[in-house]
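Keep in mind that this is a model prediction, so the values were computed, not measured. Each chain gets a letter, A, B and so on, in the order its sequence line appears, and its residues count up from 1.
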Protein chains: 2
Amino acid sequence: MEERVPVPPPHPARDITEHVGYRLKRAAAALRGAMDKVLREHGLTVPQYSCLELLDENPGLSNADLARGTFVTRQSANVVLRGLKEAGLITRPATADHGRALPVHLTPAGHERLHAARAAVYAVEERMIHAIPGRRLTALLADLDAMAEALGE
Amino acid sequence: MEERVPVPPPHPARDITEHVGYRLKRAAAALRGAMDKVLREHGLTVPQYSCLELLDENPGLSNADLARGTFVTRQSANVVLRGLKEAGLITRPATADHGRALPVHLTPAGHERLHAARAAVYAVEERMIHAIPGRRLTALLADLDAMAEALGE
DNA sequence: GGGCGTATGTCAATGTGTTGACATGCCGAC
DNA sequence: GTCGGCATGTCAACACATTGACATACGCCC
C-alpha cells in the first residue's frame, strides 16, 4: 500500500455516536474468527456448532426453528443440516407425521462431538468476557438486546 | 414445528456470563439485516457500502487495506472491488507504479452513490443508538473494542 | 549483490448466506 | 366444507467469505 495506515474508523470523529456499527461488526468478526479457529480442530464450523448447541437444549426443533435461532434463513440452515446429517451427527425423518416440519435430533455421535467442542468454545467466551470490566457485563448484554430489538429483530 | 418455541437461548441459564456470543451475534445480524434492507434501495450491499465509506475517508487504499478495514480476507475484498468497478463506482489502475498494491479511488458516481446511501445508513445507526440508555454508550463502545482485542484482533 | 521475510494480488475450491419462487400442509374465518 | 392466510421445506441463482496455494514485488540484512 502507500502510507501503512492502520485502517482508521470510517467517518473519523464527528462524534462518538457514530461507529457503533463498525465496532459491533469488528467484535462479531473477532468472535467468529476465534470460534472458527478452535472449532476447526473438532471438525465443526460455527453454524454447525450453533445448530448442535441449539438442538442439545431443544431436541426436535425444525429446520425453520434452527434458522430463527441462528439468525439465518431457512435455506442456509437447510444446507448446514444436510452437512450435519452427512456427518452422522443428527437425524431427520424423511416424512413428517403431523405438519410439514421435520423434527431434528442429535445422534450419540452428535452429542459426543458437541460436548468435545463445547469446552473450546466456552474458553473463547471466557477470554472475551474477562476483557470487560465485569461490573458492566449485565448492562452490555441488555444493550446488545436493545439494539437488536430496535432494528426490527 | 411442534410447540412453537420462541427459540430460547442456547445454554439456558447457568449464569449470565454465557450468551455473550449469542447476543453479540444477534445484534450484529440485526444490524446487518437493517443495513441490507435500506442499502438495497440504493443498489448497494453492506460490504460494498463499507468499502465506499472507507475509500471516501482514505482515498487510495489498496485491496488489502480494504480487506483489513472491513474485517474480511483479501480475496473477499477483491470480489467486492470487482463489483464496484463493474458498476463504475471506483477506479483501479491495472498496474502499480511502485509496489504491487493498486490504489483504489472513488469515481464521481461513487461519491454520489455513497452520499445518497449514507443518510439511510446513518438513520439506521441512530435508531440503534437511541435504543440504549445513552449514558452507557461510551462504555459499550469500549467494551466492544476490548472484546475484539482480547480475541486476537 | 544475493537471499530472506513480508506484503500484495490473484486463482481455485468450498462453505455459508442471501433473494426469489414454488408446492405442500395446517388452521381459522366464512 | 371451502377458501384464504400462514408456516414450512425445497429448488435455483447469486453474493460473499473462507482456506490454501502461488507468483510477484519490495525492504532489509548480511
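Applying the side chain to side chain contact (heavy atoms under 4.5 Å, CB included) criterion to Lys37(A), with sequence neighbours excluded, gives no partner residue. Every residue meeting the side chain to side chain contact (heavy atoms under 4.5 Å, CB included) condition with Ala120(A), not counting sequence neighbours, appears here in chain and number order: Val38(A), His42(A). Considering only residues two or more places apart in sequence or on other chains, Arg136(B) meets the salt bridge (charged side-chain N to carboxylate O under 4.0 Å, His left out) condition with Asp143(A). Residues satisfying the salt bridge (charged side-chain N to carboxylate O under 4.0 Å, His left out) test with Arg82(A), not counting sequence neighbours, are none. By the side chain to side chain contact (heavy atoms under 4.5 Å, CB included) test, Asn63(A) is found to be paired with Arg74(A), Ala77(A), Asn78(A), Leu81(A), Arg92(A), residues two or more places apart in sequence or in another chain being considered.
A donor-acceptor contact shorter than 3.5 Å links the side chain of Glu125(B) to the backbone of Gly21(A).
Per the geometry, CE belonging to Met35(B) stands 15 Å off P belonging to dT18(C), to the nearest Å. For the pair Leu39(B) CG and dT19(C) P, the interatomic distance rounds to 13 Å; values are reported in whole Å. In this structure, Arg82(A) atom CZ and dT16(C) atom C1' are separated by 13 Å, rounded to whole Å. Note: CG (Leu102(B)) to C1' (dT24(D)) measures 12 Å, nearest angstrom. When the P atom of dG9(C) is taken as reference, atom CG of Leu61(B) falls 11 Å away, rounded to whole Å.
Listed pair Asn78(A) / dG9(D) fails the phosphate criterion, with no side-chain N or O lying under 4.0 Å from OP1 or OP2.
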Which nucleotides of nucleotides 16-23 of chain D have their base under 4.0 Å from a protein heavy atom (B), which only their sugar-phosphate (S), and which neither (-), written as one string 5' to 3'? SBBBBB-B
